[in-house]
Amino acid sequence: MYMNNYQQEGDYNTSLEVADGIRLKPVNDSSFAETLRKNLFDGWKNTLLTLLTAIFSLFLVYQVVTFVLANSWDVVYDNLRMLMIGQYPVDEVWRLWLSLDLASLLIGLTYGLWKGAGKSVAFTFGTVYLVFALIPWTTLNTSLNLATAIALIAVGYAAGDKVAKLKLPTLVLWALFIPFSLGLLTGFGGLLDPVLSREWGGWLLTVIIAMISIIGCFPLGVLLALGRRSSLPVVKYFCIGYIELVRGIPLIMVLFIGQLLIPLFLGGETGIDNVSRAIIAYTFFAAAYLAENIRGGLQSIPSGQYEAAQALGLNKFKLTFFIILPQALKAVIPAMVGQFITILKDTSLVAIIGLADFLGTARRISNNPEYLGRYMELYLFVAAFYFVFCYLMAHVSRYLERSLAKGNG
Amino acid sequence: MESYKKKTTPLWRNRKVVPVIFQILFVIIMGTLIWILVHNTIIGLNRMGIRFGFDFLNLRAGFNINESLIEYSTSDPYIRALIVGLLSTLRVSVFGIILATVLGVLVGIAKMSDNWLLSKVASVYIEIFRNTPLLLQIFIFNFAVFLSLPTIQEALSFGPFYLSNRGAVIPWYTTHATTWLWMILVVAYAIFSFIVFKWLMNIAVTEGKQMHPFLSSAGAFILLNLATFFIVGQGPVQLVTPETTGTAITGGLLLSTPFLSILLALTIFTSTYIAEIVRGGIQAVPNGQTEATQALGFKPSTAMRLVIFPQAVRIIIPPMTSQYLNLIKNSSLAMAVGFQEIVGVGNTVMNQSGRTLEVIIVIIGVYLFFNLTLSLFMNLFNKKFQLIER
């Protein structure tokens, strides 16, 4: 990467000679001081820019640090349980820990088996657990549970690193994990004490809504994308109409439609609760966006692939699902992860329709007169949490993008 | 020959028949589904004793709207309330789009900078505001920043600008008798200087003389305006600076807290996406183009203006359009902090009149109209910048 020393764009002052010199020069030739000079103090304009930016950013960092240190964060830690799991019954919290332990083990296994971006996922989760385990106001019970989760990541890593045969079982476990943990949370339809969806809340509700919507919108998005490229005009225009209609209206409208019209559409007395209606709305909304991402992938497949598959005598179904789709989906993994990040962020909108998700809970707590005017601490905590997980997903997506680009030569 | 004749394509593999059957099936299934939904809806509406129709829009609204660009009172009909909401959406969107574009381009350029520190600061800005929910940012600006400011009695003042928990008061203008005359004249001057610019440019290009087209036309524009100012004796508008009386602030324009929060949050959130689009667009122009301009002896600014930027714009326009549309759609989140735009007003109308279905149809119609209009404009713009291929 010679980009470090020589910026391709913007640097029009470089004469031809310098540009050639850079190309011939090996990368790590310059000393630290020289690199510093070149990147930061190259001429008076650049120096001024550096100084101004440095003063500005130091000021901001100073402000943030003093804010963090000067405030007692009691509004956050008094309500930590509320923010994390809402009204989930205290006696049943072991189900959440069990799900978390399972997830940790799987993350550890994935890291051990595939390395790569699994490393950042494992370390981020480990760090978040560690921070929550070490902050002084968590109960001993919570700390022990978090320590178990950290240990399970380590165990998973060790097992995955040593035994390469675990790849298939890990994938199967991942596929089983989400239905299993959802069943565990709700009580397997009566096997355990049922926990109703109105008792879910906080980060737990956010994750549940995001996860089910992501899983639900995927098949729908694939079908819509295929339908949009179909040669059958009826199917094609139906899909175009649906995609463009949904993409044209704001998400909050879709949520309103879900809350107010689904009971009307389905005949009134159906027992669909608020949370499920929100999840249905998200699923149908996200499917339209995902379909457009997948369509991009479908369009990138060269026609030679179709012709080759036809020459081999594959029928339309086999051609689509075994030749075209796998390549198309692989090509748009980064775009799809971007879409999933958007879904995670957008789940915060259920706060407007009155559900107590992560942001909705924070909003309710801030309305409590006991914590009047303590908005900043509360919302910064919420922001930090969202940021960690969205950034992690973005990071994984960039990693996948790079490794896929490498794979394609 | 007989055995050959028997081997016709069976019906289920006939390439002419199968698609037709499939489409008929699709129509039947979708039609049934839609019919069930519509049927249920009709039954539900009947049970509630509501007759579907848009007549209710002429009924008295009876609720108040805090901010309105046109006159509105509680005795006005629902339709006027919805128009007030529509105008508020447009107000936030237009300012949001302008500010987000400016900020986004600046951050995008900063991220491409040679200066390591500046580029890192731009990256951090982008990552922070991209990876947190927009609604959270709106809450932070509204509740944690603006509502925590001092009361209007102790408003912070920065020159003619005042900041309090009610919002910001900025200098504004009032029109007077000569404003219309001024508007006509300024437009006329602008057209005139544009013609001068084209004319001088044409001479410069065809005859190779140095004519300074930009300097001359801009100079002519400024001189004409100055001359008018001395003849008329006053500027186009009267500037009104706000003044504090201790308990209230008079004069100027009040930008309310919810409006400022939503505008700021939309601007910042969208600017992070625009920054990445701008950076991606400029970096997508092949490096050979830059080298070619250097070889031809172009000034860096000229190379940017005439060679790099026109090529980058082609790549930038389509994603930029969708960001603008996203901004318009995201402005609906303003209802969460009490700024009443179309969705917020629509929500109140739904609760008041019970006409959920009708209001939702109206709002969807409005947004589809926005989408089509903006897409149309962007397509025209795109055509102008399209690569003309041989």
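Labels below follow one simple rule: chain letters A, B, ... track the order of the sequence lines, proteins then strands, and each chain is numbered from 1. Computed over heavy atoms, backbone and side chain alike; hydrogens, waters and symmetry mates excluded. This is a predicted model, so every value here is computed, not measured.
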Are the side chains of [Y] and [X] in contact, using a 4.5 Å heavy-atom criterion?
X         : Y         : value
Ile360(B) : Met253(A) : yes
Phe265(A) : Thr41(B)  : yes
Ile257(A) : Ile364(B) : yes

[X] versus chain A, the contacting section by heavy-atom distance below 4.5 Å:
X         : result
Ile43(B)  : neither
Asn330(B) : neither
Asn371(B) : side chain
Val124(B) : neither
Ile363(B) : side chain
Phe298(B) : neither

Taking atom [atom1] of [X] and atom [atom2] of [Y], what is their separation to the nearest 0.5 Å?
X         : Y         : atom1 : atom2 : value
Ile128(B) : Tyr391(A) : CD1   : OH    : 10.5 Å
Leu118(B) : Thr53(A)  : CG    : OG1   : 4.5 Å
Leu380(A) : Ile140(B) : CG    : CD1   : 5.5 Å
Asn326(B) : Arg247(A) : CG    : CZ    : 8.5 Å
Thr132(B) : Phe385(A) : OG1   : CZ    : 14.5 Å
Ile252(A) : Leu135(B) : CD1   : CG    : 8.0 Å

Identify which part of [X] has an atom lying under 4.5 Å from any heavy atom of chain B, answering side chain, backbone, both or neither.
X         : answer
Ala362(A) : neither
Phe238(A) : side chain
Ser57(A)  : side chain

Hey, which of [options] has the most heavy atom pairs under 4.5 Å with chain A?
options                                   : answer
Pro133(B), Ser148(B), Ala144(B), Gly44(B) : Pro133(B)
Glu127(B), Met335(B), Met30(B)            : Glu127(B)
Phe22(B), Phe26(B), Phe143(B), Trp116(B)  : Phe143(B)

Which residue out of [options] racks up the most heavy-atom pairs below 4.5 Å with chain B?
options                                    : value
Glu377(A), Arg374(A), Glu244(A), Arg398(A) : Arg398(A)
Leu52(A), Val235(A), Leu232(A)             : Leu232(A)
Ala54(A), Cys390(A), Pro250(A)             : Pro250(A)
Leu260(A), Leu261(A), Leu60(A)             : Leu261(A)
Ala394(A), Ser366(A), Pro233(A)            : Pro233(A)
Phe358(A), Phe387(A), Phe56(A)             : Phe387(A)

State whether the number of non-hydrogen atoms from other residues, nucleotides or ligands found under 6.0 Å of [X] atom [atom1] is greater than 12.
X         : atom1 : result
Tyr237(A) : OH    : no
Phe67(A)  : CZ    : yes
Phe284(A) : CZ    : no

(Q) Looking at every non-hydrogen atom in both residues, tell me the closest pair between Met376(A) and Val145(B) and how far apart they are. (A)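 The pair with the smallest heavy-atom distance is CE-CG2, 4.2 Å.
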
Q: Identify the residues of residues 343-352 of chain A whose heavy atoms come closer than 4.5 Å to a heavy atom of chain B, ordered by number, or report 'none'.
A: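 Lys345(A), Ser348(A), Leu349(A), Ala351(A), Ile352(A) fall under the 4.5 Å cut-off.
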
Q: Just say parallel, tilted or perpendicular for the rings of Tyr379(A) and Phe139(B), cut-offs at 30° and 60°.
A: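 Ring orientation of Tyr379(A) relative to Phe139(B): tilted.
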
